[in-house]
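Presented below is the structure to which this report refers.
The figures that follow rest on heavy atoms only: side chains count, while hydrogens, waters and symmetry mates do not.
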Amino acid sequence: MSVELTDGKIQLRPWRVDDEEALYEAIMESLAELAPWMSWCHDDYQRESTRTFLASREEAWRNDTEYDFAIMDALTGELLGSLGINQVNRMYRMANLGYWVRTSRTRRGAALRSTLLGARFGFEQQQLERIEIMAAGGNLP
């Protein structure tokens with residue numbers, strides 16, 4: 001997987017197994033904000049869950065079922081969050097797009113920039129015709 005997308009400020013790249021420490025730290029930092037909206041994120045979240053997630057990403061890409069990206073600061077290389085395109089339906093050429101940004105980096109444009117890059121990937125590289133962002137009613141950010 002050699003896909004890397006950037007707008008000069010944000011970079012999206014596929015997750016790698018060596019992202020374990022940075023991803024786990026970002027999740028722990030953001031646990032209070034993520035837990036109400038992400039079923040996988042809870043007070044008992046363990047590092048093993050991070051390891052399992054990262055280990056499964058290459059196969060998901062290979063099978064064209066999910067495309068998960070690390071959201072990186074293109075200048076510093078800091079992990080900002082995660083973006084995924086999932087629920088891919090090839091027959092109807094549609095998918096869902098979801099994302100989260102670590103607590104210390106919210107309200108700086110990372111979500112907007114990464115969703116634009118992710119949508120472009122879906123439309124141009126995956127030939128999707130529809131991408132939906134699903135959010136719970138109370139999830140204002």
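Minimum interatomic distance between H42 and L31 (heavy atoms only, all atoms of both residues): O-CD1, 3.4 Å. The minimum heavy-atom distance linking L79 with A70 is given by the pair CD1-CB, 3.9 Å. Heavy atoms only, all atoms of each residue included: G8 and L75 are closest at O-CD2, 3.9 Å. When all heavy atoms are compared, the tightest approach of T106 to V101 is CG2-O, 3.7 Å. Scanning both residues, G118 and L97, for their nearest heavy atoms gives C-CD1, 4.0 Å. The two residues A74 and T6 come nearest to each other via the heavy atoms CB-OG1, 3.9 Å.
To the nearest 0.5 Å, atoms OG (S82) and CE (M38) are separated by 8.0 Å. Note that OG of S49 and OH of Y24 are 9.0 Å apart. Values are rounded to the nearest 0.5 Å. Note that CG of N86 is 9.0 Å distant from OG1 of T65, once rounded to the nearest 0.5 Å. Note: R113 CZ to D73 CG = 10.5 Å, rounded to the nearest 0.5 Å. In this structure, CD1 on I71 lies 6.0 Å from CG on L12, to the nearest 0.5 angstrom. Atoms CZ and CD, from R13 and E4 in turn, are 7.5 Å apart once rounded to the nearest 0.5 Å.
Residues I10 and V3 fall within the same hydrophobic cluster, defined by Ile, Leu, Val, Met, Phe, Trp and Tyr side chains chained together at heavy-atom separations under 4.5 Å. At a threshold of 4.5 Å between side-chain heavy atoms, the hydrophobic network of Ile, Leu, Val, Met, Phe, Trp and Tyr places L116 and M94 in two separate groups.
For the residue pair Q127/R90, the side-chain donor-acceptor check at 3.5 Å is not satisfied. Looking at Y45 and T50, their side chains do bring a donor and an acceptor atom within 3.5 Å of each other.
Environment of CD in E48: crowded, with over 12 heavy atoms of neighbouring residues, nucleotides or ligands closer than 6.0 Å. Within a 6.0 Å radius of CG in D43, no more than 12 heavy atoms belonging to other residues, nucleotides or ligands are found.
For the pair I27 and F53, the minimum side-chain heavy-atom distance is 4.5 Å or more. Residues I133 and N96 form no side-chain contact, since every pair of their non-hydrogen atoms from C-beta on lies 4.5 Å or further apart. Looking at heavy atoms from C-beta onward, L23 lies in side-chain contact with L54 at the 4.5 angstrom threshold. Taking 4.5 Å as the limit, some side-chain heavy atom of L83 sits within range of a side-chain heavy atom of T115. Between E66 and R57 there is a side-chain heavy-atom pair separated by less than 4.5 Å. Taking 4.5 Å as the limit, every side-chain heavy atom of E29 sits out of range of all side-chain heavy atoms of E25.
Salt bridge annotation for D7-K9: absent, with no cationic side-chain nitrogen under 4.0 angstrom from a carboxylate oxygen. Between E21 and R47, at least one side-chain N (NZ, or NE/NH1/NH2) sits under 4.0 Å from a carboxylate O, which counts as a salt bridge.
Under a 3.5 Å cut-off, the side chain of R93 and the backbone N or O of N89 do not form any donor-acceptor pair. Using modelled atom types, one side-chain atom of Q46 and one backbone atom of D44 make a donor-acceptor pair closer than 3.5 Å. The main-chain N or O of L34 is never found under 3.5 Å from a side-chain atom of S30 such that the two would form a donor-acceptor pair. Between the side chain of E129 and the main chain of Y92, no donor-acceptor pair closer than 3.5 Å is present. Side-chain atoms of N63 do not come within 3.5 Å of backbone N or O of A60 as any donor-acceptor pair. Using modelled atom types, no side-chain atom of R105 and backbone atom of A110 make a donor-acceptor pair closer than 3.5 Å.
Applying the ring-ring contact (aromatic ring centres under 6.0 Å, His included) rule to pairs touching residues 109-141 yields W61-F121, Y67-F121, F69-F121, sequence neighbours excluded.
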